[in-house]
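The structure displayed is predicted, hence computed values, not measured ones. The figures that follow rest on heavy atoms only: side chains count, while hydrogens, waters and symmetry mates do not.
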Amino acid sequence: MSERKVLTKYYPPDFDPSLVGRSRQPKQTGPKVQTVRLMAPFSLRCSSCGEYMYKGRKFNARKETPVDERYLNIQIYRFYIRCTRCSAEIVFRTDPKNQDYAVEKGAKRNTEPWRRGLEGELDETDEQRLDRIEREMADENGEVAAAEERNAMAELEQKTADAKREMAVADALDEIRSRNARLEKAQRDGGVDIESVLGGRGLSEEEERRRREEEEDAEAARKAFEFARLQQKLEEGPAGEEVLGLPGVPGATAATNGEGSSGSSSSAAAAGSSTTSAASVSNPTTAAATDMPPPSFKRQVKKKKDHSALLGIKKKQPLV
């Protein structure tokens, strides 16, 4: 089996290299043409048969390089392809001015929505394009100026509102300070209680009623605690009558001190009872407080329930 890559060639015995001359052909005149493989840069429709060819369809095309066609020293290339249905020739070229391609013959470019605004700009001159760009820049500058003016007006209005609010706060603060100064001066000169004046003038009927109720509740609680404290002292010591400080208790004191003499004990007890009754009549508040059961603050121990009977457990009787 012979080698796939042959490095040497076979020369017959009768080969004469002098007979092989260099074939000289005339130089090609006109534009340079070469065969290339390309894809359609846009979707198009054949003018002869109406066949649609999508973007990216591959063709064997002839690429022509015209010598005298340039744009700002950028070479323009022309391509020749054929329709896939009727084999009609289609020609399109590069368009470096618009950075695009332009159809010259044999087909029509399909409508592209994103290029609708550029269709009228393809044929404009450089002067027209410069004028259009200047107009667009002037419009943008005008919009920016209008936006800045609106922002300046809004900022001015905000500053005005802030200044008005600060002035109102300052006036209210000055009024409060002057009022406090007048009240302090009146207190120094005439000895007027500011809190009583403000409290009586500023409270409504509902607030006044609520304040009276709170004062009454506080007074009742104070009396109850005082009575409980006195009752506890009475229970602790035998000389409870002296702690109470009730009027007309000398008989009770005499009974307490005269335990040594047996003759005067009965009379002292009678005098003590009569004095206690007189004190109760003279001081009805103390009598009513004595009849009222005193509040107890002692800890009450609850008796534990015997659950053994419910569970059916019988306790053994102790032997002793």
Side-chain angles (χ1 to χ4, degrees), residues 1-12 15 17 19-144:
M1 188 174 181
S2 62
E3 294 182 2
R4 186 168 59 88
K5 293 184 178 179
V6 181
L7 301 178
T8 60
K9 298 181 182 296
Y10 173 73
Y11 294 99
F15 175 71
L19 299 176
V20 181
R22 181 179 296 179
S23 58
R24 296 183 177 273
Q25 297 179 357
K27 291 184 178 181
Q28 183 180 0
T29 58
K32 180 182 178 182
V33 179
Q34 61 183 121
T35 303
V36 294
R37 179 81 169 171
L38 57 79
M39 290 187 294
F42 48 82
S43 59
L44 49 94
R45 179 173 178 269
C46 180
S47 302
S48 301
C49 62
E51 177 71 11
Y52 284 94
M53 287 163 279
Y54 57 88
K55 179 181 179 180
R57 182 72 179 271
K58 292 184 178 181
F59 294 95
N60 292 326
R62 289 183 296 115
K63 177 184 174 183
E64 183 182 78
T65 309
V67 181
D68 54 346
E69 294 187 15
R70 288 177 175 272
Y71 175 77
L72 300 178
N73 205 21
I74 300 174
Q75 182 64 50
I76 295 176
Y77 299 98
R78 188 172 286 106
F79 301 93
Y80 298 86
I81 60 175
R82 292 191 175 273
C83 177
T84 56
R85 183 178 180 183
C86 64
S87 299
E89 190 178 51
I90 301 172
V91 183
F92 63 91
R93 64 176 179 86
T94 58
D95 188 6
K97 179 180 180 180
N98 299 305
Q99 301 179 4
D100 201 358
Y101 292 87
V103 180
E104 290 187 343
K105 186 181 68 173
K108 183 178 180 181
R109 188 168 182 173
N110 293 339
T111 303
E112 295 173 348
W114 55 88
R115 297 184 69 257
R116 287 180 180 176
L118 301 175
E119 292 178 355
E121 300 177 3
L122 298 177
D123 299 332
E124 64 181 0
T125 61
D126 294 341
E127 295 180 358
Q128 294 176 353
R129 176 170 295 183
L130 290 174
D131 294 340
R132 179 175 56 81
I133 292 173
E134 289 179 358
R135 287 196 304 272
E136 292 177 356
M137 293 178 65
D139 295 341
E140 291 178 359
N141 294 334
E143 292 178 359
V144 170

Intermediate values then yes/no, side chain to side chain contact (heavy atoms under 4.5 Å, CB included), E89 and K105: CA-CA 8 Å; E89 190 178 51; K105 186 181 68 173; 3.6 Å; yes
Validation row: P96, I76 side chains within 4.5 angstrom (heavy atoms):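 In contact.
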Heavy-atom check, side chain of T65 versus side chain of Q75, under 4.5 Å: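 A side-chain contact exists here, since the closest heavy-atom pair is under 4.5 Å.
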Residue list, ring pair (Phe, Tyr, Trp, His ring centres under 6.0 Å) with Y10, at least two apart or on another chain: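 Y10: no ring pair (Phe, Tyr, Trp, His ring centres under 6.0 Å) contacts found.
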Main-chain N/O of D131 paired with E136 side-chain donor or acceptor, under 3.5 Å: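 Looks like no, no N/O pair under 3.5 Å.
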Under 3.5 Å donor-acceptor, T94 side chain and Y77 backbone: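 Checking the backbone N and O of Y77 against the side chain of T94, a donor-acceptor pair under 3.5 Å is found.
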Cationic N near anionic O, under 4.0 Å, E127 to R132: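 Looking at E127 and R132, the cut-off is not met.
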Pairing of R93 and D100 as salt bridge, 4.0 angstrom limit: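 Salt bridge between R93 and D100, a charged N being under 4.0 Å from a carboxylate O: no.
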Could you give the side-chain donor-acceptor pairs of residues 78-86 under 3.5 Å, partners two or more places apart or in another chain?
{"residue": "R78", "atom": "NE", "partner": "E104", "partner atom": "OE1", "Å": "2.8"}
{"residue": "R78", "atom": "NE", "partner": "E104", "partner atom": "OE2", "Å": "3.4"}
{"residue": "R78", "atom": "NH1", "partner": "E64", "partner atom": "OE1", "Å": "3.2"}
{"residue": "R78", "atom": "NH2", "partner": "E69", "partner atom": "OE1", "Å": "2.9"}
{"residue": "R78", "atom": "NH2", "partner": "E69", "partner atom": "OE2", "Å": "3.2"}
{"residue": "R78", "atom": "NH2", "partner": "E104", "partner atom": "OE2", "Å": "3.3"}
{"residue": "Y80", "atom": "OH", "partner": "E64", "partner atom": "OE1", "Å": "3.1"}
{"residue": "Y80", "atom": "OH", "partner": "E64", "partner atom": "OE2", "Å": "3.4"}
{"residue": "R82", "atom": "NH1", "partner": "S87", "partner atom": "O", "Å": "2.9"}

Donor-acceptor list for residues 44-56 side chains, cut-off 3.5 Å, not counting sequence neighbours:
{"residue": "R45", "atom": "NE", "partner": "Y52", "partner atom": "OH", "Å": "3.4"}
{"residue": "S47", "atom": "OG", "partner": "A107", "partner atom": "N", "Å": "3.4"}

Neighbour count >12 (heavy atoms, 6.0 Å) for atom CZ, F15: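 Yes, the 6.0 Å shell around CZ holds more than 12 heavy atoms from other groups.
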Test side chain to side chain donor-acceptor pair (under 3.5 Å) applied to S43 - qualifying residues, sequence neighbours left out: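 Counting only residues at least two positions away or on another chain, S43 forms a side chain to side chain donor-acceptor pair (under 3.5 Å) with N110.
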All side chain to side chain donor-acceptor pair (under 3.5 Å) counterparts of N60, not counting sequence neighbours: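 Here the qualifying residues are R37.
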Plane angle bin for Y101 and F92 - parallel if under 30°, tilted between 30 and 60°, otherwise perpendicular: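 It falls in the perpendicular class, over 60°.
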Gap between atom NZ of K97 and atom CD1 of I74 - 0.5 Å precision: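 Interatomic distance, I74 CD1 to K97 NZ, rounded to 0.5 Å: 12.5 Å.
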Which residues share a side chain to side chain contact (heavy atoms under 4.5 Å, CB included) with Q34, sequence neighbours left out: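 Only K32, V36, K63 meet the side chain to side chain contact (heavy atoms under 4.5 Å, CB included) criterion with Q34.
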